[in-house]
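Below: one structure, written as structure tokens.
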Amino acid sequence: MKTLIINIKELLQVREENVLKVSGQEMKILPKLENAYLVIENNLIQDFGLMDKCPNENFDKVINASGRVVLPTWCDSHTHIVYSGNRVQEFVDRINGLSYEEIANRGGGILNSAKRVNEASEDIIYDESKARLEEIMKQGTGAVEIKSGYGLTVEGELKMLRVIKRLAQNYPIKIKSTFLGAHAFPTEFKENHSAYIDLIINEMLPKIAEENLADYIDAFLETGYFSVEETEKIMIAGKKYGLTPKIHVNQFTAIEGIKACVKHEALSVDHLEIVTDEDIEVLKNSKTMPVALPSCSYFISIPYTPARKMIEAGLPLALATDYNPGTTPSGNMNFVVATACIKMKMTPEEAVNAATINGAYAMGISETHGSITKGKSANLIITKPIVSYYQLPYEFGSNLIENVIIEGKII
Ligand SMILES: N=CN[C@@H](CCC(=O)O)C(=O)O
Ligand SMILES: [Zn+2]
């Protein structure tokens, strides 16, 4: 099957294959072709260029993208879309004055979702989660990382990871799986942290490895959740099973967690609503991708990641949704990109780079995803007719996507 897209008004994020992430000043540049064509063959980007060089041969399908922008699909490197039920009552409780912390201390929050996951069957969780996956694909996401972390029991965590595996088998979207057993301490382990960490290390991890259920390991490194020392144990144990760390850190407090993550060669550090100068220095000398989650800041009214400061210091930055029932019940990367521009003062170029190539890097797939590059997966967003890509963050509440192509096929 060979498809040709013609008359593309702007073809964005055109890169050579050696560009796996962009940092600092490089993030300001979003390479593009105007009036371009693109050829898809065998689910891959086979060729692209300017219309005056457009191939003149027989194609199985021709798409006329006149007036439209084409860009790589979003790479959402941080989600929790496998869960059951919802937390609408906590949302209303927060409007009425309770904080995220107060709700968690009453047994709500992560433990509330853990109760639902442990009560629900794998099939029910699968059905609820696949609806969310289908929704984000329509919103232009072509690769996604999904975490466990609402099981917090051996069976619950395995159940979530098996759902992620089934989603990966049944949908064309690229899925990376992360084990987040260290998301919160179950009530029965509140006073005995080391017993829960032993359970993660000695019971959960070997079973996960045996069934090959995860690519990465995560922990919620935060005051009141997992300490630096506890997270280090988890990272070391995960690495023994080949799971690279991707860690929740600096959401509410800065406790030198980033330093520990960099020491253990984390692929990414995520949240970063609170960032110190020392954190920035540590990240500068690393391969770790900082990941900002602006819809979480928006939804629970916490600070936005200081993107300007980080980019100006020369760091890369990725953007992701954090889609989860508690702090971010939305997986819309278009909203994330717009919010990064509006609230974090990222330029549209920086935001698109952060949501594509840097997002791909943060889930270890930037050799195959995240840019318009020959040989990469044919994962494309085709917009409706628009003035320029600036319109994407500008019209932040509108759906400007006409078609999404994943692995060469319109979904
Ligand atoms: N902060 C930790 N974990 C999730 C929220 C979990 C929840 O409240 O269910 C997050 O990334 O925001
Ligand atoms: Zn998260």
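Here, residue 1 is the first one in the sequence, and each next residue gets the next number. Counting convention: from 1, in listed order, for ligands and their atoms alike.
The distance from the CG atom of L167 to the CZ atom of R162 is 14.5 Å, given to the nearest 0.5 Å. The OH atom of Y304 sits 9.5 Å away from atom CD1 of I302, with the distance rounded to the nearest 0.5 Å.
Counting non-hydrogen atoms of other residues, nucleotides and ligands closer than 6.0 Å to NZ of K2 gives a total above 12.
A donor atom on one side chain and an acceptor atom on the other are found under 3.5 Å apart for Q89 and D93. Defined by atom type and a distance below 3.5 Å, a donor-acceptor pair is missing between the side-chain atoms of T347 and K28. Checking H248 against D270 by side-chain atom types alone, no donor-acceptor pair falls below 3.5 Å.
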Tabulate below the donor-acceptor pairs under 3.5 Å that side-chain atoms of residues 106-117 make, not counting sequence neighbours, or state none.
{"residue": "N112", "atom": "ND2", "partner": "E90", "partner atom": "OE2", "Å": "2.9"}
{"residue": "S113", "atom": "OG", "partner": "R87", "partner atom": "NH1", "Å": "2.7"}
{"residue": "K115", "atom": "NZ", "partner": "E119", "partner atom": "OE2", "Å": "3.2"}

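For the Zn ion (ligand 2), the count of nearby protein N, O or S atoms, meaning those under 2.8 Å away, is 4.
Protein residues lining ligand 1, listed by chain and number: H78, H80, R87, Y100, I110, Y150, H183, F220, H248, Q251, H271, D322, N324, G326, T327 [non-hydrogen atoms, distance under 4.0 Å].
By the ring pair (Phe, Tyr, Trp, His ring centres under 6.0 Å) test, Y298 is found to be paired with F335, residues two or more places apart in sequence or in another chain being considered.
A salt bridge does not link K165 to E211: none of the charged side-chain nitrogens sits closer than 4.0 Å to a carboxylate oxygen.
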